[in-house]
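These notes are about the structure you will find just below.
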Amino acid sequence: MNKIRLYIDEDSMDEDFVQALRSRNVDVLTVADVGMLYKSDRKQLSWAK
């Protein structure tokens, strides 16, 4: 089974939510983790590919 991977934007970056996912072995990256805060949706999608 493949591990779930998520890229979370600033609208969903609640710290408790992200920590809960990580504690359940979900691979989570946030826009803050990768320096993409406040970038356009187009740039977010390009980065996530």
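Remember, it's a predicted structure, so these values are computed and weren't measured experimentally.
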Rounded to the nearest 0.5 Å, how far does [atom2] of [Y] lie from [atom1] of [X]?
| X | Y | atom1 | atom2 | value |
| --- | --- | --- | --- | --- |
| Arg5 | Lys3 | CZ | NZ | 8.5 Å |
| Met36 | Ser46 | CE | OG | 8.0 Å |
| Leu21 | Ile8 | CG | CD1 | 6.0 Å |
| Lys49 | Gln44 | NZ | CD | 13.0 Å |

Check: Ser23 side chain, Ala20 main-chain N or O, donor-acceptor pair, under 3.5 Å: yes
Among Val28, Asp33, Val31, the one residue meeting side chain to side chain contact (heavy atoms under 4.5 Å, CB included) with Tyr7: Val31
Close side-chain approach of Lys39 and Glu10, heavy atoms under 4.5 Å: no
Leu6 vs Asp27 side-chain heavy atoms within contact, under 4.5 Å: no
Check whether [X] and [Y] end up in the same hydrophobic cluster, where Ile, Leu, Val, Met, Phe, Trp and Tyr are linked by side-chain heavy atoms less than 4.5 Å apart.
| X | Y | result |
| --- | --- | --- |
| Leu45 | Tyr38 | no |
| Ile4 | Val34 | yes |
| Leu29 | Phe17 | yes |

Over 12 non-hydrogen atoms of neighbours within 6.0 angstrom of CG in Leu37: yes
